[in-house]
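Taking it in order: structure first as C-alpha cells, then the write-up.
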Amino acid sequence: MNRFSEIRAVVLQNLEEMQAAGEIPADLDFANVAVEPPRDAAHGDMATNAAMVLAKPAKMKPRNIAEALAKRLLADARIVAADVAGPGFLNLRLGADFWQEVVGEVLTKGSNFGRSDMGQGKRVNVEFVSANPTGPLHVGHTRGAVFGDALASLLDFNGYDVTREYYINDGGAQVDVLARSVYLRYLEAHGAKVAFPDGTYPGDYLIKVGQALAEKVGKDYVDQPETVWLADVRLFSIDAMMDLIRADLKSLGVEMDVFYSEKSLYGTGKIEAALELLDGKGLIYEGKLDPPKGKLPEDWEAREQTLFRSTEHGDDVDRPVKKSDGAWTYFAPDIAYHYDKIERGFDMLIDVLGADHGGYVKRMKAAVSALSDGKVPLDIKLAQLVRLYKDGQPFKMSKRAGTFIELRDVVDRVGRDVTRFVMLTRKNDAPLDFDFDKVTEQSKDNPVFYVQYAHARIMSAMRKADEAGIDIKDATLLAADLGKLDHVAELALIKKLAEWPRLVEIAGRTNEPHRVAFYLFDLASDLHSLYHMGKENSALRFVQEDDIATSTAKIALARAVGVVISAGLGILGVNPAQEMR
RNA sequence: GGUCCCAUAGCUCAACUGGAUAGAGCACCUGCCUUCUAAGCAGGGGGUUUCAGGUUCGAGUCCUGAUGGGAUCGCCA
C-alpha cells in the first residue's frame with residue numbers, strides 16, 4: 001500500500017474522531033486534506049495541510065486544529081513525532097521500521113510494486129501515431145509513438161484496461177497520390193524513365209514497392225488509364241506502407257492492439273449513422289460559415305455547407321462535415337470513428353496528436369461530448385515538435401531536399417532505449433530538442449545512461465555479494481533483518497522508494513509519463529550517492545565481508561531499488577542494463 | 001486578427017495540479033580513483049519564476065490583461 005495514503009487515512013480517521021468529540025465542526029469536507037512528502041527533509045517525513053485547509057470552514061485558528069490533531073496522531077504507533085510548523089503545517093516523523101518495511105514490500109511485490117487500482121479496470125482507448133500510410137515514420141512521429149506507448153503502459157500500471165490503437169488514414173486523397181507515385185515506380189521497374197511531378201512522392205522507399213507490384217501484376221497496368229489500376233494499386237501500396245510502418249513501430253518497441261481503417265467507415269453507413277445521431281440532437285444544419293475573423297483569405301466566398309453545431313459543445317465556430325461539393329470533410333469520418341470507439345464501450349478516450357492538430361482539439365471534444373452525451377471523456381494530448389540538432393546546429397528536415405530523417409535512422413543510430421527515454425524527458429506540450437551527438441554521449445548529461453548505470457551498479461553489487469558467499473536469492477533477501485538499514489542515507493533511499501506508488505498515481509492521473517523519467521533520475525542519483533558514501537564509510541558498503549546479516553539487508557535494499565528502476569523503465573519501454581561496458 | 005500551446009539560473013529543463021527557504025543537469029570553481037564499475041561522488045557561486053493587476057492564510061502554479069516565441073485558422077488529412 002501507498003505509505004502516504006496509509007497515513008492520510010490515519011489523519012482522516014483522527015479528524016473524524018475529533019468531529020465526534022466535538023473538537024471541530026461535523027460538516028467539514030476533507031477532500032483537500034493532503035499528506036505529502038515535504039520539499040525539505042528537515043521538515044520531517046510527511047506533512048499534512050489539514051489544519052490550514054479546515055481552518056476557514058471550521059472558523060478556527062489553524063494552529064489550534066493542528067495541535068489537537070498532533071496530540072491524537074501521536075497515539076498511533078507508526079508516528080513518532082508530530083510538530084506544528086509555519087502557518088499550520090503538521091510535520092510528521094515516522095518510525096524507522098515503518099520505512100524499512102517498504103523494502104520487504106518491494107521485494108514481495110516485485111515489478112508489481114506501485115501498481116494502483118485507480119483505473120478500476122475501466123476501458124481506455126489510446127490512439128496514437130496514426131500517421132498517413134504514405135511512407136515510413138519520421139522523427140516527428142517518434143515522439144507521439146513513444147509518448148502514446150508509455151502513456152498506455154502507465155495507465156495499465158494504474159489499473160486501466162488499455163487498448164493501443166492506430167487510425168489508418170486510408171480514405172483521403174493522399175492515398176491516391178501514393179498510388180500514382182507507386183505507379184510511376186512500377187513503370188520504372190519496367191524500364192521506363194519517369195519524372196516525379198509536384199504532388200507525387202519521389203521517395204526512394206517506393207522503388208521496392210513499384211518492383212513488387214511489377215512482380216505481382218507483370219505488365220498488366222502499363223499504358224493503362226488510371227481507372228483500370230488506381231483502386232488496386234492503392235490497396236497494394238497502402239498494405240506495403242503499413243508493413244513499413246508496423247516494422248518501424250516494432251523497432252521502437254511499440255505494438256498496437258488495433259489498426260483501424262478510415263476506409264472501412266465509407267460505404268458502410270457508419271458515417272451516416274454517426275451524423276444522423278447528431279442530427280437527431282439538432283446539431284446538424286445547412287448553412288454558411290463566417291470567414292475567419294481578422295484575416296480574410298484572398299479567395300474567400302461564402303458557401304452553403306453541411307455544418308456541425310460544435311459551438312453547442314464548447315467550440316468557437318461550427319464546423320463543416322461536408323465540403324461545398326457535397327463530399328465528406330475529414331472531420332466526418334473522424335466523427336464516425338470516435339463514435340465507433342464509444343460504441344465499442346470505452347469509458348475513456350485519449351488521442352495523441354501532433355501539435356499541428358491543435359486547432360482540431362475543440363471540435364473533436366465537442367463531437368465526442370455530443371455523441372456520448374458527455375459520458376465519455378476525451379483527452380487530447382498534443383505532442384509538440386521535435387527540434388533536431390546535429391553538431392550543435394539546428395537540422396532542417398525536408399522531403400524535397402532528401403534530408404528527411406526517418407524514425408529508423410534515429411533508432412539505428414542511437415538505439416531504441418535512448419530514443420525512447422530522451423523523448424520522454426520533456427512534458428508533451430513543450431518542444432523537445434533532440435541532439436544526435438548528445439544522446440549518444442555516455443555521461444550524466446545523458447539521463448538514460450545515468451539511470452541504466454544505477455541499475456547496472458546494483459546488478460554488479462549483487463554479483464559481488466554472490467562471490468562473497470552471500471545468498472542473494474529473493475527468499476533470503478525477504479527474510480533479511482531490515483532493522484539494520486538505519487543510516488540516514490539508507491533511510492533516505494528507502495523513502496524515495498516509498499514515493500514510487502504515489503508518483504505512479506500522479507503521473508497516471510495527469511497523463512504525464514515524463515514524471516516517471518524524472519523520478520527514475522532522482523532515484524538513480526540517491527543510489528549513486530549512497531554507493532559513493534561507501535568509499536568514505538565502509539559501513540555503508542553493500543557487501544560487508546564479515547557480516548552476512550548486514551550484507552543481506554543492504555543487498556535487499558539495493559535489490560529493491562533495482563526492482564523499482566526496472567519497473568519504471570518498463571513503463572517507459574526502456575530495458576534496464578545488466579552491466580555497462 | 002481568432003483559437004490553442006509555451007515563457008523559471010548563462011544554457012537545457014524540473015517543481016508532487018495552490019504549500020514552507022523555487023530544484024537538477026550542462027557550463028564555471030574546489031576536492032575525491034590500491035577499496036562493491038570515476039559512464040561516478042561531495043562541495044561552491046549563480047533567481048524580481050517575462051511584465052502589470054487580481055483571487056487566497058499561502059501563487060512559478062488559478063483568473064484578467066500586456067509582451068515575446070511556436071502551432072493553427074472552410075473547399076488538406
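Order of the sequence lines sets the chain letters (A, B, ...), proteins ahead of strands, with each chain counted from 1.
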Euclidean distance, A/K427 NZ relative to A/K381 NZ, rounded to 0.5 Å: 10.5 Å
Position toward the 5' end of RNA chain B (nearest nucleotide), A/D40 or A/Q174: A/D40
Gap in Å between the two P atoms, one belonging to B/G25 and one to B/U37, rounded: 23 Å
Whole-angstrom distance between B/G23 and B/U64, as gauged at atom C1': 30 Å
Among B/A38, B/A20, B/G19, the nucleotide that comes nearest once only the side chain of A/A47 is considered: B/A20
Closest listed nucleotide, where the reference is the side chain of A/E579 and the choices are B/U37, B/G40, B/A20: B/U37
C1' atoms of B/A27 and B/C57, separation to the nearest Å: 41 Å
Presence of A/S525 side-chain N/O under 4.0 Å of B/A24 phosphate oxygens OP1/OP2: no
Listed nucleotide nearest any side-chain atom of A/K56, set B/C57, B/G40, B/C36: B/C57
Glycosidic conformation of B/U17, taking syn as within 90° of 0 and anti otherwise: syn
Interatomic distance at P, B/G10 relative to B/C51, whole Å: 13 Å
Sugar-phosphate only, base, or nothing, as touched by A/V361 at under 4.0 Å among non-hydrogen atoms: nothing
Donor + acceptor pair across side chains of A/Y453, A/R457 (<3.5 Å): yes
Syn or anti conformation of B/C62, syn meaning chi within 90° of 0: anti
Residue pair A/Y167 / A/D351, side-chain donor-acceptor N/O under 3.5 Å: no
Sugar-phosphate, base or nothing in reach of A/Y519, heavy atoms under 4.0 Å: nothing
Separation of atom CG in A/N32 from atom P in B/G58, rounded to whole Å: 17 Å
Residue A/D429, side-chain heavy atoms: nucleotide from B/C41, B/C5, B/A20 that is nearest: B/C5
Verify stack between A/H43 ring and B/A20 base, 5.5 Å, 30 degrees: yes
Ion pair check, A/R515 and A/E512, cut-off under 4.0 Å: yes
Separation of atom CG in A/D315 from atom C1' in B/U72, rounded to whole Å: 13 Å
Without placing hydrogens or testing angles, list every side-chain donor-acceptor pair under 3.5 Å for residues 494-509 of chain A, not counting sequence neighbours.
from: A/K495; atom 1: NZ; to: A/D45; atom 2: OD1; distance (Å): 2.7
from: A/W500; atom 1: NE1; to: A/F113; atom 2: O; distance (Å): 3.1

Whole-Å C1' distance, B/C13 and B/A52: 27 Å
Nearest-Å distance for atom pair NZ/P, residues A/K464 and B/C36: 7 Å
Distance, rounded to the nearest Å, where A/Y167 contributes OH and B/A77 contributes P: 11 Å
A/K362 side chain near B/U3 phosphate (N/O to OP1/OP2, under 4.0 Å): no
A/F89 over B/A20, stacked by centroid distance under 5.5 Å, angle under 30°: yes
P-based separation of B/A66 from B/G40 [nearest Å]: 47 Å
B/S/- contact track for nucleotides 11-16 of chain B, protein heavy atom under 4.0 Å: -SSSSB
Whole-Å distance separating the CG atom of A/L527 from the C1' atom of B/C36: 12 Å
Contact nearer the 5' end of RNA chain B, comparing A/T510 with A/S460: A/T510
Aromatic-base stack, A/F542 on B/C36, cutoff 5.5 Å, angle under 30: no
Euclidean distance, atom CZ of residue A/R457 to atom P of B/C33 [Å, nearest integer]: 15 Å
For RNA chain B, the dot-bracket pattern of Watson-Crick and G-U pairs whose distances stay under 3.5 Å, | for other-strand partners: (((((((..((((.....[...)))).(((((.......))))).....(((((..]....))))))))))))....
Under 4.0 angstrom between A/K323 side-chain N/O and B/A77 OP1 or OP2: yes
Residue-phosphate contact under 4.0 Å: A/K535 side-chain N/O, B/A38 OP1/OP2: yes
Shortest side-chain distance from A/P87, nucleotide among B/A38, B/G19, B/U56: B/G19
A/D316 CG to B/G74 P, straight-line distance once rounded to whole Å: 14 Å
Axial cation check for A/F308 ring with A/R363, 6.0 Å and 45° limits: no
A/N132 CG to B/C76 P, straight-line distance once rounded to whole Å: 14 Å
Closest non-hydrogen atom pair between A/I555 and A/A465, with its separation: CD1-CB, 3.7 Å
Touch class at under 4.0 angstrom, heavy-atom based, for A/A85 against every strand present: base
Minimum heavy-atom distance between A/P87 and A/M52, given as atom pair plus value: CG-SD, 3.6 Å
Span that lies between the P atom of B/U50 and that of B/G43, in whole angstrom: 29 Å
Donor-acceptor pair, side chain of A/Q452 and main chain of A/N575, under 3.5 angstrom: yes
Stacked cation flag A/K323 on A/W328, 6.0 angstrom / 45 deg: no
Integer angstrom distance from the P of B/C41 to that of B/G47: 25 Å
Sugar-phosphate only, base, or nothing, as touched by A/Q452 at under 4.0 Å among non-hydrogen atoms: nothing
Candidate nucleotides B/C36, B/A42, B/G19, ranked by approach to the side chain of A/S529 - the nearest: B/A42
Closest approach of A/K263 to A/D170 (non-hydrogen atoms, all atoms of both residues): N-OD1, 2.6 Å
A/M46 and A/R8, any side-chain heavy atoms less than 4.5 Å apart: no
Between OG1 on residue A/T419 and CZ on residue A/F421, distance to nearest 0.5 Å: 12.5 Å
Touch class at under 4.0 angstrom, heavy-atom based, for A/N91 against every strand present: base
